[in-house]
Amino acid sequence: MKLALTFFVLAIIATCQGLYPKDSPSRLLKDLDGIWHFKIDDSLSRNEGFDDEWYLKPLTDTILMPVPASYNDITQDKNIRDFIGWAWYDRNFWVPGSWLDGKTRVVLRFESAHYYTIVWVNGKQVMTHDGGHLPFEADIAEHLEEGQPNRVTVAVNNTLNANTLPPGSVKYYSGEKYPPNYFTFTGQFDFFNYAGIQRSVKLYTTPKAYISDISVVTELEEDGSASVAYTVMIGGVEGNSEASYEVSLSGVKDSGTVTDGIAKGTLKITDPTLWWPWTLSSTPGAMQPFQVKITTDGVTDMYIQSVGLREVVVTEDQFLINGKPFYFHGVDKHEDWDIVGKGINDALLMKDINLLKWMNVAAFRTSHYPYAEEMLDLCDKEGIVVIGESPAVGLHDEDNFGNATLMHHFQVMREMIDRDKNHPSVVMWSVANEPASDLPVAERYFQSIVEVTHTLDASRPITFACNKDYDSDRATQFMDVIMLNRYYDWYDNGGHPEVVPYALRYDLGQWRQRQKKPIMISEYGAGTIPGIHKDPPVMWSEEYQAEALMAYWSVFDDYRKSFFIGELVWNFADFETAQSSKRADGNHKGLLTRQRQPKLAARAVKYRYEALAEGKDYHPEQIPV
Ligand code: BDP
């Protein structure tokens, strides 16, 4: 098993997805965001798009569709909102003749599309990608034409099955009781299955020999210096050509010759400016440019990677950042907004960051999938700590733990680590949310996932959000930190927050007795319809949400002095879900409405988090509710 895993890791390490597109003296950037042509292929009985080779010509009978955005909520058409299957996009673009000189790579990059994507340029297939939330790219130079428009066509399919991450299923019905072509879709997760080209599309150039990947890992030494180990991967060096490299960070330089496509070294920085979470320092998130240049046959490629120097260590009781105990007081989020769905937009991201800061949030988990890299950039800059979660949400059944899922899960971990490894804000990997970790098959499954994840990134601890009991779970034994999702006064004991201190204290005690690891509550919360006020508080009122959360806090505070390292409220904001008799206009456990207006509990959390950030005791009687 171990050998097979090692081979797999070596194979996947060898391919990387490319660095975030940035311009530099050797790289140019062109944005393909904007209005594209769009149509769904609802020919259920056959795949009209593929049978009729739609990619060979401009799409016909299209509507206009913004990119990036989920397509679901853009139109007034119910078929588009609930669509499952192939959705098609195309648009034209021009490239200057100088890009087609035979010495330039012209890379087409999608920051993400949901979930399975095929891309053609001028009718030629240039790439496919399996899975949402993560980028993919290809050099398309050989398919481009000068002096005429070039066409990019995209087919993207949001069908999910037992082996996708997340899993889901489509059921087709026939017979007199049902209308023709009737089907239902079930996702094994509690958020809307938004789809389409949800993040940016870009074209960028590099020289033929180019910097394909950079990774930087910091270790702090006892004398206060930092050792920064760097690895730079170089692609496209041909034949007998030799590449030389130069790197520099904080005034410290290194240079040499590239061997087998890799440049490696360690920079010793004697008086480093460290990256800090905002709660641990008055100068948070100090980012610095790590400049890399490679030169082959007189041509130089240059890339500036922003890095933050910091070190993460987990002990039996604590989560240390730069040697100081860090407490994760925060929230879980979703990428979810009115109209754009999971479509990314700087204004929406910035508003969320400002709201996180307003609530004095120290950390959030990217529940339940990798978020846009633009969000991680903002967290780096603001000193907000992130637990990066994979899209393995909803592994509920035995057939979700097969080899096909495992291989895809490895691939997703590789792509996520590849993309996010240089973000200092990302301090831990969450490999899954609420899997059936009590099933016997889960044991080997998670052992393998942890082994591969550690091999891909030895510098970050690993965890997952567990909703099983201390005596039935089989996966936390492999984790560095235990995260528990608990709803003691919502799904259990609804209407009875007085149960929480007893249930929580007992639960934490049992876990701790069995495993000497730091523990945090990674979800707790209560559904709340804004504007409903009840006294005494009852479920769904704003008062109940505040009371339901506050019921946990005295126990958190007792254990905070020992092994308890964090509390994440479910959820930052209300979010859209599938239609269901259990969800009225989505999930309402947000501290904020979906439009980002605070409910009563948001102020209670804001008050508590301010005290926690300042290391002070807060006074329950002064909570503003
Ligand atoms: C948890 C899930 C989360 C749900 C939440 C809820 O991890 O995705 O949205 O429950 O029910 O079990 O609100």
Side-chain angles (χ1 to χ4, degrees), residues 132-133 160 164-168 186-194 328 330-337 341-342 364-371 387-397 400 430-438 442 463-469 472-473 475-476 479 482-495 497 500 503-504 507 520-530 539-540 542 544-545 548-549 552 566-594 599 601 605:
H133 319 285
L160 298 173
T164 52
L165 293 179
T186 313
Q188 292 175 203
F189 47 86
D190 185 32
F191 49 90
F192 192 81
N193 188 36
Y194 280 115
F328 293 79
V331 291
D332 299 286
K333 281 185 94 279
H334 263 300
E335 286 186 333
D336 177 272
W337 298 272
K342 292 196 180 306
F364 68 85
R365 174 167 67 116
T366 69
S367 41
H368 295 309
Y369 36 80
Y371 289 0
I387 301 168
E389 188 157 278
S390 91
V393 49
L395 305 185
H396 294 162
D397 309 318
N400 303 138
S430 165
V431 294
N433 182 71
E434 298 190 352
S437 58
D438 50 352
T463 187
F464 78 100
C466 177
N467 68 341
K468 300 293 176 245
D469 285 334
S472 61
D473 164 74
T476 50
M479 308 294 152
I482 298 176
M483 291 204 305
L484 302 175
N485 290 358
R486 293 296 188 259
Y487 290 88
Y488 303 115
D489 51 6
W490 188 256
Y491 292 120
D492 302 323
N493 319 301
V500 171
L504 177 59
D507 201 6
M520 65 196 276
I521 292 288
S522 42
E523 278 187 33
Y524 73 116
T528 311
I529 307 290
M539 289 173 83
W540 297 104
E542 294 202 29
Y544 186 81
Q545 184 184 32
L549 298 178
Y552 288 68
E567 51 189 272
L568 304 181
V569 175
W570 189 262
N571 188 287
F572 169 73
D574 290 351
F575 58 91
E576 188 62 315
T577 63
Q579 299 183 60
S580 133
S581 49
K582 296 194 184 115
R583 293 281 180 258
D585 191 27
N587 185 312
H588 287 284
K589 296 191 190 70
L591 293 170
L592 310 168
T593 64
R594 199 180 190 213
K599 300 180 195 169
V605 167

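Atoms within each ligand, like the ligands themselves, are counted from 1 in listed order. All residue numbers refer to positions in the sequence shown, counting from 1.
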Trainee: For the side chain to side chain contact (heavy atoms under 4.5 Å, CB included) test, which of Asp574, Leu549, Asn571 pairs with Leu591?
Mentor: Leu549
Trainee: Salt bridge (Lys or Arg N to Asp or Glu O under 4.0 Å), that's the test. Do Arg365 and Glu389 meet it? Break it down for me.
Mentor: CA-CA 7 Å; Arg365 174 167 67 116; Glu389 188 157 278; 2.7 Å; yes
Trainee: So Tyr371 and Tyr369, would you call those rings parallel, tilted or perpendicular, with 30° and 60° as cut-offs?
Mentor: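 Tyr371 vs Tyr369 ring planes: tilted.
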Trainee: At a heavy-atom distance under 4.0 Å, which protein residues reach ligand 1? Sort them by chain and number, would you?
Mentor: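 Ligand 1 is contacted, at a heavy-atom distance under 4.0 Å, by Asp190, His368, Asn433, Glu434, Asn485, Tyr487, Tyr491, Glu523, Trp570, Phe575, Arg583, Asn587, Lys589.
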Trainee: Kindly give the heavy-atom pair with the smallest separation between Glu523 and Asn485, and that separation in Å.
Mentor: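 Closest heavy-atom pair between Glu523 and Asn485: OE2-ND2, 3.0 Å.
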Trainee: Parallel, tilted or perpendicular for Trp570 and His334, by the 30°/60° rule?
Mentor: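 Perpendicular, since the angle between the ring planes exceeds 60°.
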Trainee: Would you call the rings of Trp490 and Tyr544 parallel, tilted or perpendicular, where under 30° means parallel and over 60° means perpendicular?
Mentor: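 Geometry flag for Tyr544 against Trp490: tilted rings.
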